[in-house]
Amino acid sequence: MAYKSVFDVSSIKSDFESAGVNPNFIPLIWKHVLKNPNCRWEEIPSLPSVAYNLLNSKFKPCTSILHSVEDSSDQVTTKLLIKLKNGEFVEAVIMRYDTRLGKYDGKPRPGGPRSTLCVSSQVGCKMGCNFCATGSMGFKSNLSSGEILEQLVHASRITAIRNVVFMGMGEPLNNYTAVVEAIKAMTVPPFQLSPRKITVSTVGIIHAISKLQRDVPNLNLAVSLHAPVQDIRCQIMPAARAFPLERLMKALHEYQTSSQQKIFIEYIMLDGVNDEEQHAHQLGKLLETFESVINLIPFNPIGSLSSYNTSNDQKVIKFQRILRGIYNIRTTIRKQMGQDISGACGQLVINNKKSDPLIDIEDLRI
C-alpha cells in the first residue's frame with residue numbers, strides 16, 4: 001500500500017474520524033513534522049495509541065523530497081526543486097523583499113523584510129499560454145493538497161514565509177478541491193497564514209471564481225488577463241476561447257460585489273502585441289468600474305519555446321502612466337527577479353534532463 005502524506009488534509013482527517021481519533025490532534029502532528037523532518041511517529045507526545053497505529057500504517061511525514069536548492073546571484077530568490085512520490089518534479093520559489101525600500105504616495109513604505117513563497121498546483125498545465133514555458137509541457141497531473149502543503153513545509157525550513165501565491169506551475173482553479181484544502185490548512189496552526197496573505201492566480205476559470213469566494217473568503221484573487229480584448233487574448237492564451245472576456249468581466253464584477261476586495265490584474269508586456277498606447281486605453285476602460293491593481297509584467301525570454309520579445313522600458317512606463325494618470329488605476333511594474341536561475345515569471349518548465357522552472361512572485365498587497 002502506498003503511504004500518504006500526513007499533510008493530505010482530507011485523507012488524514014477522514015482516517016482519524018473513522019478511527020475515532022479527534023482531528024484536533026492533526027495541527028500538533030504537523031507542528032512536530034515541521035520542526036523534525038525525519039521524525040518517527042512515536043516521538044510525537046500525547047497522541048492516542050490508535051493514532052500512532054494509524055500514522056505508522058498509512059502516513060509518511062513527507063511524500064516529496066527536496067531535490068535541490070538554487071539561489072540567485074543576488075541572494076534574493078531561492079528556487080526549490082521538489083521530487084514527488086510519482087517521480088515527477090515541481091518547483092517552488094522563495095522571493096525576499098524589504099518593503100522599506102519602496103515608496104507609496106512619495107513616502108517610504110512601512111514594514112521590513114519578508115518572504116513570499118510561490119507554489120505550484122499541477123505538474124504542467126492545460127492552458128497552453130504561448131508566452132509561458134510551463135504551457136509547453138502540457139498537463140501531466142494534479143498535485144494533492146499534501147503535495148501543495150509540502151512545498152510550504154520545505155520552504156519554511158529555509159526561511160519564515162509570510163505570503164503564499166499560487167503562481168507556479170498549473171492553473172490552480174483546475175485543481176480546485178486540492179487547492180482549497182491546502183489554503184484552508186495554511187490558515188490554521190502551525191502555518192497560521194492570514195487568508196489576506198494568500199493569492200490565487202487564474203487565467204479566468206469563470207465557474208470556479210465565485211465558488212472560490214464562498215469557500216475561502218478574504219483570499220486575494222489575481223487574474224491573468226494579459227490583453228484588453230478577446231481576440232488578442234485568444235491569440236496568446238488559447239484557453240481564453242472557453243472564457244470569453246465579457247463573461248469573465250461579469251464574473252469578476254460579481255466576485256468583487258460579494259467580496260468587497262480589490263482584484264489584482266496580471267498583464268504581461270509583449271512587444272508589438274499588447275503593449276501599445278491603444279491597448280493601455282482599452283485596458284483602462286475595461287477596468288475603470290473595478291477596484292483593481294494592475295501588475296505589468298515584463299516578458300521573460302523562454303528561448304525557442306516562444307517568439308515574443310520584451311517590451312522596452314519606455315513602453316512599459318508609458319503604459320503605466322496612461323493607466324495611472326487617465327484612468328486612476330493603481331498600476332505597478334513587477335520587479336524582475338530570479339532570471340539567472342530561470343526563476344522569473346513564465347520561465348517555469350520541467351524537462352527530462354534539467355528542471356528549470358518557475359515563477360516571479362510579488363506580494364501584491366504591498
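All values reported here derive from a predicted model rather than from experimental measurement. Below, all heavy atoms of this structure are taken into account, side chains as well, without hydrogens, waters or symmetry copies.
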Are [X] and [Y] joined in one hydrophobic group, where the rule is that I, L, V, M, F, W and Y side chains link up if heavy atoms are under 4.5 Å apart?
X	Y	result
I326	F319	yes
F139	Y176	no
I65	V123	no
I158	V164	yes

Please determine, by modelled atom types, if [X] and [Y] share a side-chain donor-acceptor pair under 3.5 angstrom.
X	Y	answer
Q122	N175	no
E150	S5	yes
E254	S210	no
D71	T78	yes
Q192	T187	no
S64	E147	no
S121	E171	no
N328	E288	no

- Between I198, V180, V200, L221, which is the residue that forms a side-chain contact (heavy atoms from CB on, under 4.5 Å) with V216?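 Filter result, single survivor: V180.
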- Message: I need the single residue from N300, N274, N130, I268 that forms a side-chain contact (heavy atoms from CB on, under 4.5 Å) with Y308. Which is it?
- Response: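 In the set N300, N274, N130, I268, the residue that makes a side-chain contact (heavy atoms from CB on, under 4.5 Å) with Y308 is N130.
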When you measure from the side chain of [X] to the backbone of [Y], do you find a donor-acceptor pair of N or O atoms at a distance under 3.5 Å?
X	Y	value
T202	V223	no
R233	L225	yes
W41	L55	yes
T310	F299	yes
R157	L34	yes
Y52	L47	yes
S120	E91	yes
N86	E88	yes
Q213	Y255	no
H154	Q151	no

Report the distance from atom [atom1] of [X] to atom [atom2] of [Y], rounding to the nearest 0.5 Å.
X	Y	atom1	atom2	answer
F59	I12	CZ	CD1	5.0 Å
I297	I265	CD1	CD1	11.0 Å
H281	Y327	NE2	OH	5.0 Å
D275	L270	CG	CG	7.5 Å
N22	E17	CG	CD	9.0 Å
F25	L54	CZ	CG	13.0 Å

- From CA spacing to verdict: side-chain hydrogen bond (donor to acceptor under 3.5 Å, both in side chains), D8, S144: CA-CA 7 Å; D8 268 330; S144 68; 2.9 Å; yes
- Could you check K262 against F290 for side-chain contact (heavy atoms from CB on, under 4.5 Å), going step by step and ending with a plain yes or no? CA-CA 8 Å; K262 284 187 174 69; F290 286 83; over 6 Å; no
- Residues N295, Y267; criterion side-chain contact (heavy atoms from CB on, under 4.5 Å); working and verdict: CA-CA 6 Å; N295 193 218; Y267 194 97; over 6 Å; no
- Message: Between Q235 and D231, does the side-chain contact (heavy atoms from CB on, under 4.5 Å) criterion hold? Intermediate values first, please.
- Response: CA-CA 6 Å; Q235 174 190 338; D231 60 341; over 6 Å; no
- Message: Once you measure the plane-to-plane angle for F7 and F191, does it fall in the parallel (<30°), tilted (30-60°) or perpendicular (>60°) bin?
- Response: tilted
- Message: For P244 versus I206, what's the shortest heavy-atom pair and its separation?
- Response: O-CD1, 4.3 Å
- Task: Measure across V9 and E181 and return the closest heavy-atom pair with its distance rounded to 0.1 Å.
- Result: CG2-O, 3.8 Å
- Message: With side-chain contact (heavy atoms from CB on, under 4.5 Å) as the criterion, how do M237 and M127 come out once you've worked through the C-alpha distance, each side chain's angles and the decisive distance to 0.1 Å?
- Response: CA-CA 7 Å; M237 304 170 67; M127 298 296 100; over 6 Å; no
- For salt bridge (Lys or Arg N to Asp or Glu O under 4.0 Å), just list the numbers for E266 and R334, CA-CA rounded to whole Å, side-chain angles, deciding distance to a tenth of an Å, and then say yes or no. CA-CA 10 Å; E266 298 170 290; R334 180 173 293 184; 3.5 Å; yes
